[in-house]
Engineer: 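Here it is, the structure, as structure tokens.
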Amino acid sequence: MTLEDAAAPPVRAHATVREATFDVLRRLELTTIFSNPGSTEVPFLAGLPDDLRFVLALHEGAVVGMAAGYALGNARPALVLLHSTPGLGNAVAALATARASRAPLVVVVGQQDRRHLALDPFLAGRLEGLAGDYPVWVNTPIRPQDVPGTILRAYHEAATHRGPAVVIVPMDDWLQPAGETTFGAQRVVRSQGADPRAVDELATMLDQAEAPVIVSGAGADWEALTNLAETLGCPVWQEPFGGFAGFPQDHPQFAGHLPFRRARLRSALNGHDVVLVVGTGALRQYPYDSGPLFADGTRVAVLTQDPDEAHRSVAELAVLGDPGSICDALSRVLEPRELTASPMQRPAPPGADEGLRPAHVLQALAERLPRNAILVEETPSSRPELHSRIPATAPLGFVSAMGLLGFGLPAAIGLRMARPDRPVVAVLGDGASLYQILGLWSASHYDVGVLFVVLVNGGYAIMDRLAERNGGPGPWPEVDVDIAAMARAQGCDAVSVDSRAELIEQLDRGIADRDKPLVLAVRVAQDPTFDP
Ligand SMILES: Cc1ncc(C[n+]2csc(CCOP(=O)(O)OP(=O)(O)O)c2C)c(N)n1
Ligand SMILES: [Mg+2]
């Protein structure tokens, strides 16, 4: 995804640091504040001007998840306001996941009053190290007057490094005289040109390939990669465990999702001598398998805008650059090739006479999802089934929480807030839905029309399957919670669904154009195996 440039910082004179900050926020279009505040944020928030929208979530995991969804939907940083140690502490896992999900966030964290910080007052936080090295940048402004400039800097840091940038603001700073504020770069333009040498190196390798293959990652440019794939005529796989789809999954060259383990990965890519990985590193796996990632003699090139991905890739060549412009340049210089790819085989619809399984729900969704839908996935044991049945058909069509249960539900809310023009459907495990079930309060209060489909299989199926493979049952009990009742308790419409007919009836009532959230808690049998 590309990020918009920041607008210019304020030039007007202001009475207080707070007012100067409001101006910076307006100019950066950071006018929606996702928050769960406390006393240290009251001086900033009391009497908030009407043009700044405050969005409350009832837990910081939900605050950050919603903001991350909003940032991804808008393709620019979103603003988060957290309350000292309790707020930032509660938010850490979601901040780590926001980074893994490439969501740029400006995170303002309130701190106790500078004038007695040395005496360690109640709610003073050791905040700088609290989120570890997950934020892309952390700073406490030296002077109150530096707060607006630090927020501008945090915006640039978040946008460039695509993750959360944290600014810690002592509560007395806000009402200090604005005085002389200091600013760094007023605007940052991220150069997206294709370096001829990079294009040349990749083109040479692809020219030498007898049977190339492409792996598309979360950072790929959908259109540019499609053009390149059509020039090469080769199969395109989606990376294992990606946060987003990088290529249209109903395209005749789409081969499927790469497996999570090395042996299967090698056999999926068997027969290809050059692997071009675009928009991710090579390659993320899940259970450990011995042996190399790629078969002997396979040449691997990686093209990504992320230095970490480039540096850790198992690759002969890693190009650090803009995937969109470099793919476009490659499409221009490469000779078009014959089509060698065949469309991915999708499974047949499951039998209508069986009891409900995840496959029935996912198939019914696949048949009804509008092409521009955003599908948010957090359904651990059914993720492979979801991939096999539901193609992502538009950029941002598939978004996955990267390992943190409780990220998908609020992220879906933020995505819909950012993109009311697109239907948003979240498919959640019942266990997963519970981590941030309080997010439904925000969806309901702010009329955010997400459809949440919860696969109620009575517990942690994936954990049960993993335990079985480890030789014995896990000690955790079943987790059977009335999800629909939990939704309704927060003012959110919800229906418990037990049969195919009810499921179809509910889905046929409409997925798009929702002006309120709806939870469908669909009772399904657990899949007996999980072995992707
Ligand atoms: C915050 C958090 N805690 C714990 C886990 C570990 N974990 C991974 S999957 C899982 C169970 C998921 O259950 P559910 O969402 O119902 O999905 P199912 O396996 O039943 O498909 C757990 C506890 C996690 N990923 N994130
Ligand atoms: Mg479950």
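In each ligand, atom 1 is the first atom listed, and ligand 1 is the first ligand listed.
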Engineer: Which residue supplies the protein heavy atom nearest to atom 14 (P) of ligand 1, what is that atom called, and how far is it?
Structural biologist: Gly431 N, 3.5 Å
Engineer: Specify the protein heavy atom at minimum distance from atom 26 (N) of ligand 1: its residue, its atom name, and the distance to 0.1 Å.
Structural biologist: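 It is Leu405 N, 3.2 Å.
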Engineer: Are Arg383 and Phe241 in a cation-pi contact, defined as NZ or CZ under 6.0 Å from the six-membered ring centre and within 45° of the axis?
Structural biologist: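 So Arg383 does make the cation-pi contact.
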Engineer: If every non-hydrogen atom of Leu123 is compared with every non-hydrogen atom of Ser84, which pair is closest and at what distance?
Structural biologist: O-OG, 2.6 Å
Engineer: Identify, for atom 19 (O) of ligand 1, the protein heavy atom at the shortest distance, and state residue, atom and that distance.
Structural biologist: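 For atom 19 (O) of ligand 1, the nearest protein heavy atom comes out as Ile462 N, 2.8 Å.
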Engineer: Say whether Ala461, considering both its backbone and side-chain N or O atoms, lies within less than 3.5 Å of an N or O atom on ligand 1.
Structural biologist: yes
Engineer: Numbering the atoms of ligand 1 from 1, which are under 4.0 Å from a heavy atom of Tyr435?
Structural biologist: 1 (C), 2 (C), 3 (N), 4 (C), 23 (C)
Engineer: Classify the ring geometry between Trp441 and Tyr446 as parallel (under 30°), tilted (30 to 60°) or perpendicular (over 60°).
Structural biologist: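 Rings of Trp441 and Tyr446: perpendicular, as their planes differ by over 60°.
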Engineer: Against heavy atoms of Leu404, which atoms of ligand 1 measure under 4.0 Å?
Structural biologist: 1 (C)
Engineer: Check whether any N, O or S atom of Val479, backbone or side chain, sits closer than 2.8 Å to the Mg ion (ligand 2).
Structural biologist: no
Engineer: Any heavy-atom pair between the side chains of Met486 and Leu434 that's under 4.5 Å?
Structural biologist: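 Result yes, sub-4.5 Å side-chain heavy-atom pair found.
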Engineer: Would you check if Ser433 and Phe452 make a side-chain contact, meaning some heavy-atom pair closer than 4.5 Å?
Structural biologist: no
Engineer: Does a side-chain N-to-carboxylate-O contact under 4.0 Å join Arg523 and Asp430?
Structural biologist: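 Salt bridge flag = no for Asp430 with Arg523.
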Engineer: Kindly confirm whether the Mg ion (ligand 2) is within less than 2.8 Å of some N/O/S atom in Tyr460?
Structural biologist: no
Engineer: Tell me, which protein residue and heavy-atom name are nearest atom 17 (O) of ligand 1, and how many Å apart are they?
Structural biologist: Pro380 CD, 3.4 Å
Engineer: Compute the minimum heavy-atom distance from Ala93 to ligand 1 and say whether it is under 4.0 Å.
Structural biologist: no
Engineer: For ligand 1, which atoms have a heavy atom of Gly403 less than 4.0 angstrom away?
Structural biologist: 24 (C), 25 (N), 26 (N)
Engineer: Determine whether Gln249 and Met344 make a side-chain contact, defined as any pair of heavy atoms from C-beta on separated by less than 4.5 Å.
Structural biologist: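 They are not in contact (no side-chain heavy atoms under 4.5 Å apart), so the answer is no.
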Engineer: To which protein heavy atom is atom 21 (O) of ligand 1 closest, and what is the distance rounded to 0.1 Å?
Structural biologist: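 Checking every protein heavy atom, the shortest distance to atom 21 (O) of ligand 1 gives Ser381 OG, 2.6 Å.
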Engineer: side-chain contact (heavy atoms from CB on, under 4.5 Å) with Leu518: which of Val450, Ile511, Asp493, Val453?
Structural biologist: Asp493
Engineer: Tell me which N, O or S atom of Asp430 sits nearest to the Mg ion (ligand 2).
Structural biologist: OD1
Engineer: Is the shortest N/O to N/O distance between Thr379 and ligand 1 below 3.5 Å?
Structural biologist: no
Engineer: Closer than 4.0 Å to some heavy atom of Gly459 - which atoms of ligand 1 meet that?
Structural biologist: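 Per the distance check, 13 (O), 14 (P), 16 (O), 20 (O).
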Engineer: What are the atoms of ligand 1, with element, lying closer than 4.0 Å to any heavy atom of Ala432?
Structural biologist: 14 (P), 15 (O)
Engineer: May I ask you to say whether Arg102 pairs ionically with Glu309, meaning some side-chain N is under 4.0 Å from a carboxylate O?
Structural biologist: yes
Engineer: Report the nearest protein non-hydrogen atom to atom 13 (O) of ligand 1: residue, atom name, distance rounded to 0.1 Å.
Structural biologist: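 Going atom by atom, the protein heavy atom closest to atom 13 (O) of ligand 1 ends up being Tyr460 CD2, 3.3 Å.
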Engineer: Give the minimum heavy-atom separation between Leu396 and Gly73, together with the two atoms involved.
Structural biologist: CD2-CA, 4.0 Å
Engineer: Could you tell me which atoms of ligand 1, counted from 1 in the order shown, lie closer than 4.0 angstrom to a heavy atom of Asn457?
Structural biologist: 18 (P), 20 (O), 21 (O)
Engineer: Specify the closest pair of heavy atoms between Met417 and Val55, including all atoms of both residues, with the distance to one decimal.
Structural biologist: CE-CG2, 3.8 Å
